[in-house]
Amino acid sequence: MIFRQLFEPVSSTYTYLLGCEATRQALLIDPVMPTWERDLTVLNELGLKLVYTLDTHIHADHITSALQLKREAGSRIVYPATSRVACADLNVEDGASVAIGSIEVKALHTPGHTDDHFSYLADERVFTGDALLIDGCGRTDFQNGDAATLFRSVREKLFSLDSDTLVYPAHDYQQRRVSTIAQERGRNPRLGEAKSFEQFLQIMSELKLPYPKFIDYAVPGNRQCGVCPPDLSEDLQRYCRKMEESPQG
Ligand SMILES: [Fe+2]
């Protein structure tokens with residue numbers, strides 16, 4: 001499998017490229033608006049055709065480039081069925097698979113950060129979105145999030161994967177790139193096996209995080225598979241504007 005982990009610095013999002021060596025078909029998980037041209041450049045350099053974009057959930061901190069990539073590259077937009085977005089070409093249910101050539105990506109419903117959230121499993125890699133981050137997890141106080149539900153998704157669904165499965169999150173704010181199921185089981189300070197259900201609920205209830213500054217634009221934009229609002233203030237335009245210098249990797 002051809003694999004690239006691509007970084008988008010405005011929202012510290014990782015976009016993942018998976019490609020089939022034989023058929024030269026590819027998909028992107030969680031592509032982001034400011035870096036859609038960079039992503040197409042990487043695909044072109046690798047001689048890959050973009051067949052699908054997959055979003056893990058309706059994001060609140062960035063706008064997906066799924067629709068833009070569909071226009072530019074003819075890719076099909078995949079969303080969790082639970083997101084209930086009319087613009088998706090394919091809505092994946094829990095346990096369903098999306099295939100490109102010899103690569104099969106299995107969809108796992110992992111709600112709790114949001115109620116629509118999915119993770120995607122491809123062989124020895126799991127793309128955990130905002131459900132499970134390296135030494136952390138996504139917040140649970142918006143978009144029908146629920147800490148008790150997230151605990152069950154991570155502990156019962158993700159932690160039941162093979163210990164050596166590589167964990168690739170949607171974000172990292174400290175330039176960490178990858179973990180494993182064994183590492184998160186062992187030392188995740190919120191969800192690791194040393195923490196009880198009650199301790200997790202208490203941690204999440206005491207986070208006191210600020211209101212997400214882009215959520216009121218991102219959620220409606222992402223419900224349309226990636227539409228930038230016309231009325232963005234100057235400080236928010238970077239969420240939609242092309243990166244001046246395309247980050248590599
Ligand atoms: Fe999120």
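Start at 1 and go down the list; that is how both ligands and their atoms are numbered. For clarity, every value in this text was computed on a predicted model and none was experimentally measured.
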By the disulfide bond (SG atoms under 2.5 Å apart) test, which pairs, at least two apart or in different chains, include something from residues 91-163?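 Disulfide bond (SG atoms under 2.5 Å apart) check on residues 91-163 returns no pairs.
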Tyr217 vs Tyr239, test: ring-ring contact (aromatic ring centres under 6.0 Å, His included). Steps then yes/no. CA-CA 10 Å; Tyr217 298 101; Tyr239 286 92; 9.1 Å; no
Do any of the N/O/S atoms of [X], backbone or side chain, fall under 2.8 Å from the Fe ion (ligand 1)?
X: His57; result: yes
X: Asp130; result: yes
X: His59; result: no

Is there a side-chain contact (heavy atoms from CB on, under 4.5 Å) between Glu37 and Leu40 once you walk through the steps? CA-CA 5 Å; Glu37 285 175 282; Leu40 282 186; 5.7 Å; no
Which Ile, Leu, Val, Met, Phe, Trp or Tyr residues join Ile58 in one cluster when any pair of side-chain heavy atoms under 4.5 Å counts as a link?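 Besides Ile58, the cluster holds Leu67, Ile77, Tyr79, Val85, Phe142, Tyr211, Ile215, Val219, Val227.
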